[in-house]
J.: 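Pasting in a structure now, in structure tokens, and then I'll have a few things to ask.
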There are 2 protein chains.
Amino acid sequence: MELTQSNNPYNEDIIRISKFAKAMSHPVRVYILRKLSGMNSCCYSGDLVNELPIGRSALSQHLKELKHAGLIQGEIKAPYIKYCINRENWEKAVELCKELFVSTRIELLDSETAL
Amino acid sequence: MELTQSNNPYNEDIIRISKFAKAMSHPVRVYILRKLSGMNSCCYSGDLVNELPIGRSALSQHLKELKHAGLIQGEIKAPYIKYCINRENWEKAVELCKELFVSTRIELLDSETAL
DNA sequence: CATATAGTTCGTAATATTACGAACAGAATA
DNA sequence: TATTCTGTTCGTAATATTACGAACTATATG
């Protein structure tokens with residue numbers, strides 16, 4: 001099958017979901033997102049280096065990738081950089097997941113009410 | 001930091017989420033999962049080859065990856081193979097996402113009620 | 001049995017991911 | 001100003017991902 005403008009089967013949502021998933025496809029990045037996704041949570045690169053078995057440069061690359069994916073943002077608090085979730089894009093990701101899981105929405109709601 | 005048995009920061013959930021995300025990190029695989037995740041939905045490899053700009057062998061690799069991740073399963077209906085979602089693992093993935101998005105649960109519920 | 005059909009596996013090549021240490025940039029501090 | 005601290009970028013190497021076509025397996029069909 002030939003890919004043209006008119007018959008592109010990968011719509012905007014599919015591309016967004018795959019990019020979001022790619023950003024979350026490494027344990028280090030999931031760890032960071034989990035840490036940051038709590039209400040008002042933030043952290044510094046140094047915190048992560050102490051918690052994780054990874055070097056500073058590799059960690060910096062992971063942070064860069066999460067920034068590039070729009071999922072986190074860094075605020076300079078010299079000499080540190082304070083990282084936190086990019087709420088707008090994070091909620092967009094939540095939306096996309098919700099849409100994908102729409103067929104299992106019944107189960108989702110069941111477990112929500114059980115909380 | 002050294003990684004030992006006792007201080008492994010990547011727990012089971014983190015590993016599972018990253019593996020699930022990896023399985024969803026390519027547009028072809030998101031397309032397949034979206035197609036199959038609807039109630040009682042299924043498809044054949046031939047359907048996908050006709051819908052997507054990808055060869056049979058590459059598609060087969062993507063299907064293999066989704067199978068390996070436990071997200072889909074194939075049932076032989078010779079000469080075809082009928083693919084569908086592996087509901088058990090799919091719902092586990094929903095659980096993990098829900099847990100990750102727990103901090104944005106308020107927004108999630110808001111949009112649920114709006115449906 | 002010969003052939004066609006559906007799909008997988010293999011071999012290969014191009015590109016992407018991941019990690020490390022060294023070198024670097026910028027700000028705080030002695 | 002020299003030094004220290006935090007974090008990024010660069011260069012490099014190992015490994016993983018992705019795609020293709022050819023060859024293969026298995027089943028259905030003439």
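None of these values were measured; they are calculated from a predicted model. In the text below, chain A, chain B and the rest are named by the order of the sequence lines, each starting its count at 1.
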J.: Would you mind telling me which residue lines up with the more 5' stretch of DNA chain C, A78(A) or K22(A), judged by nearest nucleotide?
T.: K22(A)

J.: Check E51(A) with K35(A), please: is the shortest side-chain N to carboxylate O separation under 4.0 Å?
T.: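 Between E51(A) and K35(A) there is a salt bridge, with a charged N closer than 4.0 Å to a carboxylate O.
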
J.: Any ion pair linking R34(A) and E99(B) (charged N to carboxylate O, less than 4.0 Å)?
T.: yes

J.: Within the sub-3.5 Å range, which N or O atoms of nucleotides 1-8 of chain D have a protein N or O partner, and how far apart are they?
T.:
{"residue": "dG7(D)", "atom": "OP1", "partner": "S45(A)", "partner atom": "N", "Å": "3.4"}
{"residue": "dG7(D)", "atom": "OP2", "partner": "G46(A)", "partner atom": "N", "Å": "2.8"}
{"residue": "dG7(D)", "atom": "N7", "partner": "R56(A)", "partner atom": "NH1", "Å": "2.7"}
{"residue": "dG7(D)", "atom": "O6", "partner": "R56(A)", "partner atom": "NH1", "Å": "3.3"}
{"residue": "dT8(D)", "atom": "OP1", "partner": "Y83(A)", "partner atom": "OH", "Å": "2.5"}
{"residue": "dT8(D)", "atom": "OP2", "partner": "S60(A)", "partner atom": "OG", "Å": "2.7"}
{"residue": "dT8(D)", "atom": "O5'", "partner": "S60(A)", "partner atom": "OG", "Å": "3.1"}

J.: Quick one: are E95(B) and K98(B) in side-chain contact, heavy atoms under 4.5 Å?
T.: yes

J.: Using modelled atom types only, decide if a donor and an acceptor are shared between the side chain of S60(A) and the backbone of S57(A) within a distance under 3.5 Å.
T.: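 Such a contact is absent between S60(A) side chain and S57(A) backbone.
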
J.: Using side-chain heavy atoms (C-beta onward) and a distance below 4.5 Å, is F20(A) in contact with N89(A)?
T.: no

J.: With nearest nucleotide decided by heavy atoms, which residue, V28(B) or A58(A), maps closer to the 5′ end of DNA chain D?
T.: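 With V28(B) and A58(A) compared, the 5'-side residue is A58(A).
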
J.: Is the number of heavy atoms from other residues, nucleotides or ligands within 6.0 Å of OH (Y44(B)) greater than 12?
T.: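 Result for OH/Y44(B): enclosed.
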
J.: Distance under 4.0 Å to a non-hydrogen atom of chain B counts as contact; along DNA chain C, which nucleotides mark the start and end?
T.: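 The contact span of chain B on DNA chain C goes from dA6(C) to dT9(C).
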
J.: Are side-chain heavy atoms of L48(B) and Y31(B) found at a separation under 4.5 Å?
T.: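 L48(B) reaches Y31(B) side chain to side chain.
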
J.: If I compare all heavy atoms of G74(A) with all of I81(A), which pair ends up nearest, and what's the gap?
T.: CA-CG2, 4.0 Å

